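I have placed the structure first, in the form of structure tokens, so that the comments after it can refer back to it.
Keep in mind that what you see is a predicted model, and the values were worked out from it rather than measured. When a residue number appears, it is its place in the shown sequence, counting from 1.
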Amino acid sequence: MTMIKLVPLPLPCPTYLYSCHGHKNSFASCSSSPKSRRVISLSAVTLSLSALSSSISWANPQVPKFLELPNSGGVKALDLRIGNGETPLDGDVVAIHYYGRLAAKQGWRFDSTYDHKDKTGEPIPFSFVLGSGKVISGIETAVRSMKAGGLRRVIIPPSQGYQNTSQEPLPPNYFDRQRLFTTIFNPTRLANGEGTTLGTVIFDIELVSRRHL
């Protein structure tokens with residue numbers, strides 16, 4: 001049987017290998033001399049690994065899945081945080097924060113209300129009347145089944161996304177608006193049957209508040 005000899009490393013002692021006399025768990029204070037440190041015994045390492053193994057569950061974790069919202073025209077949602085407020089009704093003024101991305105551009109972020117700041121530096125939410133048709137229908141559908149304080153990620157197909165260049169939310173930056181709409185409404189690529197790829201948008205929506213008119 002080949003014997004393995006543990007030899008102290010001639011380097012500053014990493015905390016996971018050595019315990020330094022008088023300077024436990026400190027990189028900067030450890031001496032580079034082997035006399036000022038001692039190697040953790042192999043048995044201690046074995047015990048540590050054994051304890052770690054017993055604390056880990058090797059069962060496959062449940063991967064969250066997007067679910068298609070009822071009567072949504074194909075909008076899929078994943079709740080990242082469930083709110084504890086009231087669910088809005090058509091006619092309510094709702095305020096949301098959102099983070100909008102375009103699937104056709106490898107998740108390019110075209111707008112975010114968290115970047116829209118007031119004079120005090122606080123982000124300004126986007127407000128609209130639910131059911132007014134002011135915003136793309138995919139956002140309205142997603143908000144209708146949320147509770148105030150909730151956070152939801154939604155994948156919105158082209159049929160429930162931007163149908164024209166006047167629907168909101170609109171990026172305030174002109175070049176971002178141009179890039180968004182020249183991608184979604186690219187006539188050549190639409191003629192090639194790429195409409196589904198071009199028009200799919202992804203929104204992270206936080207329902208900040210709702211108010212009856």
key: Pairwise side-chain contact, Phe128 with Glu140, heavy-atom cut-off 4.5 Å (strictly under)   = yes

Listed partners of Tyr99 passing ring pair (Phe, Tyr, Trp, His ring centres under 6.0 Å), at least two apart = none

Polar side-chain atom of Thr113 near backbone of Tyr98 as donor-acceptor pair, under 3.5 Å = yes

query = Which heavy-atom pair separates Val75 from Val154 by the least distance, and what is that distance?
reply = CG1-CB, 4.2 Å

query = When you look at NZ of Lys76, are more than 12 heavy atoms from neighbouring residues, nucleotides or ligands closer to it than 6.0 Å?
reply = no

note = Students should find that the hydrophobic cluster of Tyr174, defined by side-chain heavy atoms under 4.5 Å apart, otherwise consists of Phe175

ask   = Between Leu89 and His212, is any pair of side-chain heavy atoms under 4.5 Å apart?
value = yes

query = Which pair of non-hydrogen atoms, one from Ala104 and one from Thr197, has the smallest distance, and what is that distance?
reply = CB-O, 3.4 Å

ask   = Got a sec, which residues hit side-chain hydrogen bond (donor to acceptor under 3.5 Å, both in side chains) with Arg81, two or more places apart in sequence or on another chain?
value = Glu206

ask   = Ring centres of Phe203 and Phe110 under 6.0 Å apart?
value = yes

inquiry  = If I take atom CD from residue Gln163 and atom CD1 from residue Ile184, how far apart are they, to the nearest 0.5 angstrom?
reply    = 9.5 Å

inquiry  = Restricting to non-hydrogen atoms, name the atom on Ala142 and the atom on Leu69 that form the minimum distance, rounded to 0.1 Å.
reply    = CA-CD1, 3.9 Å

task = Let me know which of Ile202, Leu198, Val201 forms a side chain to side chain contact (heavy atoms under 4.5 Å, CB included) with Leu102.
result = Val201

Asn164: partners by side-chain hydrogen bond (donor to acceptor under 3.5 Å, both in side chains), with sequence neighbours left out = Ser166

request  = Decide if atom CG of Asn84 counts as having more than 12 heavy atoms of other residues, nucleotides or ligands within a radius under 6.0 Å.
outcome  = no

ask   = Could you give all pairs that pass the side-chain hydrogen bond (donor to acceptor under 3.5 Å, both in side chains) test and reach residues 148-162, with sequence neighbours left out?
value = Asp79-Arg152, Ser137-Gln160, Ser145-Arg152, Arg153-Asp204

remark   = Rounding to 0.5 Å, atoms OG (Ser132) and CD (Glu168) come to a distance of 9.0 Å

message = Membership question, hydrophobic clusters at under 4.5 Å side-chain separation (ILVMFWY): are Val135 and Val208 in the same one?
response = no

ask   = Do you reckon Ile96 sits in the same ILVMFWY cluster as Val93, going by side-chain contacts under 4.5 Å, direct or chained?
value = no

message = According to side-chain hydrogen bond (donor to acceptor under 3.5 Å, both in side chains), who are the partners of Arg177, at least two apart in sequence or on a separate chain?
response = none

message = Keeping Asp118 on the side-chain end and Thr120 on the backbone end, is there a donor-acceptor pair under 3.5 Å?
response = yes

Residue pair Arg210 / Asp92: nearest heavy atoms and the distance that separates them = NH2-OD2, 3.0 Å

query = Is there a side-chain contact between Lys134 and Val129 (heavy atoms, below 4.5 Å)?
reply = no

key: Non-hydrogen atoms of Pro125 and Pro123 that approach each other most closely   = CD-O, 3.6 Å

ask   = How many angstroms lie between atom CD1 of Ile136 and atom CG of Leu170, to the nearest 0.5 angstrom?
value = 10.0 Å

key: Cluster overlap Ile155 with Leu80, hydrophobic side-chain contacts below 4.5 Å   = yes

query = How long is the gap from CZ on Arg101 to CG on Leu180, to the nearest 0.5 Å?
reply = 14.0 Å

ask   = What are the two closest non-hydrogen atoms of Thr200 and Pro157, and how far apart are they?
value = OG1-CA, 4.3 Å

query = When hydrophobic residues are tied together by side-chain contacts of less than 4.5 Å, even through go-betweens, does Phe185 share a cluster with Ile156?
reply = yes

ask   = Taking a hydrophobic cluster as the set of Ile, Leu, Val, Met, Phe, Trp and Tyr residues connected by side-chain heavy atoms closer than 4.5 Å, whether directly or through intermediates, do Ile205 and Ile82 fall within one such cluster?
value = no

